[in-house]
2 protein chains.
Amino acid sequence: MPDNRTMVKRTREEAQATRESLLAAALQVFRERGVAHTRLVDVAERAGVTRGAIYWHFRDKAELFQAVCEHGTLPVEALLAEASQSIQRDPLATVRQLALMALIQLAQHADTQAMFDVIFHKCEFTEELAPVVAKNDADRDACLSRVQQLFDQAVASGQLPPDTDTLLATHGLHAYMVGLMHEWVLSPQSYDLAACAGPLLDTYLSGLATRPPVCRPRTI
Amino acid sequence: MPDNRTMVKRTREEAQATRESLLAAALQVFRERGVAHTRLVDVAERAGVTRGAIYWHFRDKAELFQAVCEHGTLPVEALLAEASQSIQRDPLATVRQLALMALIQLAQHADTQAMFDVIFHKCEFTEELAPVVAKNDADRDACLSRVQQLFDQAVASGQLPPDTDTLLATHGLHAYMVGLMHEWVLSPQSYDLAACAGPLLDTYLSGLATRPPVCRPRTI
DNA sequence: CAATTTACATTCACGCATGTATGCTTTTAT
DNA sequence: ATAAAAGCATACATGCGTGAATGTAAATTG
């Protein structure tokens with residue numbers, strides 16, 4: 001068992017392990033104290049090192065936070081690519097599958113729950129976190145435009161009514177997803193997300209089919 | 001025109017005006033810099049006073065934030081009481097009216113937008129803001145249980161299917177509302193919330209009527 | 001096997017935001 | 001009118017977190 005105080009230098013793999021444990025420790029401390037109130041010494045101690053290790057692997061707290069975000073985020077692009085190639089003929093089912101996988105991922109992985117808890121409730125999105133915000137916005141816009149494409153296809157194929165405002169429908173679904181995650185991480189015991197995600201999604205999608213949003217409310 | 005530097009003491013009404021301007025200034029600076037990164041000197045300067053005025057009216061930053069929240073929040077109880085007494089025979093319409101008023105309020109008042117922007121994106125909910133969190137939770141639970149009562153009435157009166165899981169339906173609607181506000185304040189120009197709030201709500205409520213959430217997915 | 005680089009630990013100085021103490025002037029109460 | 005208190009401004013002390021500088025020993029490299 002190596003002595004961390006005297007035996008300083010580690011091999012490359014050990015250094016990578018140090019980096020990983022720093023990311024995990026940062027996620028925990030961020031969740032407990034909030035990002036802005038987190039002191040780097042707490043992160044270091046949680047990971048069993050000193051601040052020197054943090055300043056070696058990351059420039060400052062902002063870069064550490066950015067690394068935490070990029071490390072733990074669910075692979076949106078992969079999900080999008082996979083879902084869009086799988087069921088080409090049923091765009092609504094594709095959307096459903098996409099959203100369902102995200103919710104299931106959240107329900108089943110503690111790290112994902114911690115990530116979204118930090119992002120939603122333990123973080124201030126200000127100027128110094130601009131790169132993270134920019135990446136989030138880019139991912140969100142890509143996801144939203146892809147979903148809107150799917151909704152357009154659903155309209156074309158008759159799965160959704162012809163007067164559907166697909167932009168509004170997309171914003172609505174996105175809001176629904178964000179709200180479900182936002183609130184569920186606050187009290188995961190309030191209901192079984194993994195079991196209820198499907199029915200919850202079906203309720204909204206059924207609403208899209210029977211009474212789709214149109215900006216000019218139609219006269220019955 | 002009184003000199004603020006030499007003439008220190010003000011009348012009671014002037015002191016109240018100072019307090020109000022401090023709340024307004026705090027809301028602005030919170031939105032710009034984030035709550036945790038806000039320096040009290042910035043709030044004071046924005047209000048045209050010094051930190052002494054803040055420490056006279058409030059104990060510390062946490063109490064100032066709490067006052068900002070209680071000052072600007074939409075009167076939930078009043079809305080609930082009003083809506084529950086108005087349309088006793090149409091519980092679904094009552095829920096719709098309740099949610100619609102909240103969205104319209106957000107869409108039309110800049111202060112409300114600032115409040116929710118701070119609450120959702122410029123604030124870390126940690127231990128020191130415990131009283132605010134507690135009050136938020138209490139308000140939310142009260143609102144949720146009231147909405148669930150209305151959904152129960154809707155089931156009893158046949159407006160919703162008999163196998164509706166009203167708890168899930170309530171969580172779903174709440175998530176929808178939270179998500180709509182959470183995302184719309186990020187880019188209010190993305191769509192006209194005041195005009196689209198009704199159709200967006202109707203989509204979800206229609207989904208509730210045609211395919212309500214049930215935790216054990218029913219076998220068609 | 002030397003030279004260099006890696007991967008941290010340790011130390012230090014600095015700024016900065018906070019909280020408190022105190023002073024000062026005008027209301028307000030009596 | 002006089003005492004008391006309200007409503008701030010100013011000054012001060014304090015701690016705390018950061019970032020940079022430096023130290024150091026093991027691990028690579030050639």
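Sequence lines set the chain letters: A, B, ... in the order given, protein chains first and strands last, and positions in each chain run from 1.
Taking atom CZ of A:Arg19 as the reference point, atom C1' of C:dC8 lies 15 Å away to the nearest angstrom. Atom CZ of A:Phe58 and atom C1' of C:dC8 are 14 Å apart (whole Å). Distance CD (B:Glu128) to P (C:dT18): 11 Å, rounded to an integer number of Å. Between the CD atom of A:Glu14 and the P atom of C:dA9 there is a distance of 12 Å, given to the nearest Å. One can place CD of B:Glu45 at 14 Å from P of C:dC16, the figure rounded to the nearest angstrom. One can place CD of A:Glu13 at 17 Å from C1' of C:dC8, the figure rounded to the nearest angstrom. Between A:Glu63 atom CD and D:dT18 atom P there is a gap of 15 Å when expressed in whole angstrom units. As a whole-Å value, the separation of A:Asp42 CG from D:dC16 C1' is 12 Å.
Side-chain rings of B:Tyr176 and B:Tyr204 approach one another, their centers coming within less than 6.0 Å.
OP1 or OP2 of C:dC8 sits under 4.0 Å from a side-chain N or O of A:Thr18. Residue A:His57 places none of its side-chain N or O atoms closer than 4.0 Å to OP1 or OP2 of C:dA7. Phosphate proximity of D:dA6 to B:Thr11: absent, as no side-chain N or O sits under 4.0 Å from OP1 or OP2.
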Check the pair A:Asp90 / A:Arg96 against salt bridge (Lys or Arg N to Asp or Glu O under 4.0 Å), numbers first and verdict last.
CA-CA 10 Å; A:Asp90 195 340; A:Arg96 193 195 115 103; over 6 Å; no

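One donor-acceptor pair, N or O on each side, does fall under 3.5 Å between the base of D:dG19 and the side chain of A:Arg51.
The 5' end of DNA chain C is approached more closely, in terms of each residue's nearest nucleotide, by B:Lys61 than by the other of B:Lys61 and B:Gly52.
Of the residues in residues 33-41 of chain A, those placing a heavy atom less than 4.0 Å from an atom of DNA chain D are A:Thr38, A:Arg39, A:Leu40, in numerical order.
Residues passing the side chain to side chain contact (heavy atoms under 4.5 Å, CB included) test with B:Thr50, sequence neighbours excluded: none.
Taking the six-membered ring where the residue is Trp, A:Tyr191 and B:His171 present tilted rings, their angle falling between 30° and 60°. Using bins of under 30°, 30° to 60° and over 60° for the plane-to-plane angle, the ring pair A:Phe120/A:His182 lands in the tilted bin.
The side chain of B:Arg12 approaches C:dA29 more closely than any other nucleotide in the set C:dC8, C:dA29, D:dA9. In the set C:dA7, D:dT18, D:dA6, the nucleotide with an atom closest to the side chain of B:Trp56 is D:dA6.
A salt bridge is absent between B:Asp42 and B:Arg46: the closest approach of a Lys/Arg side-chain nitrogen to an acidic carboxylate oxygen does not fall below 4.0 angstrom.
In this structure, B:Glu127 places its CD atom where only 12 or fewer heavy-atom neighbours from other residues, nucleotides or ligands lie under 6.0 Å away.
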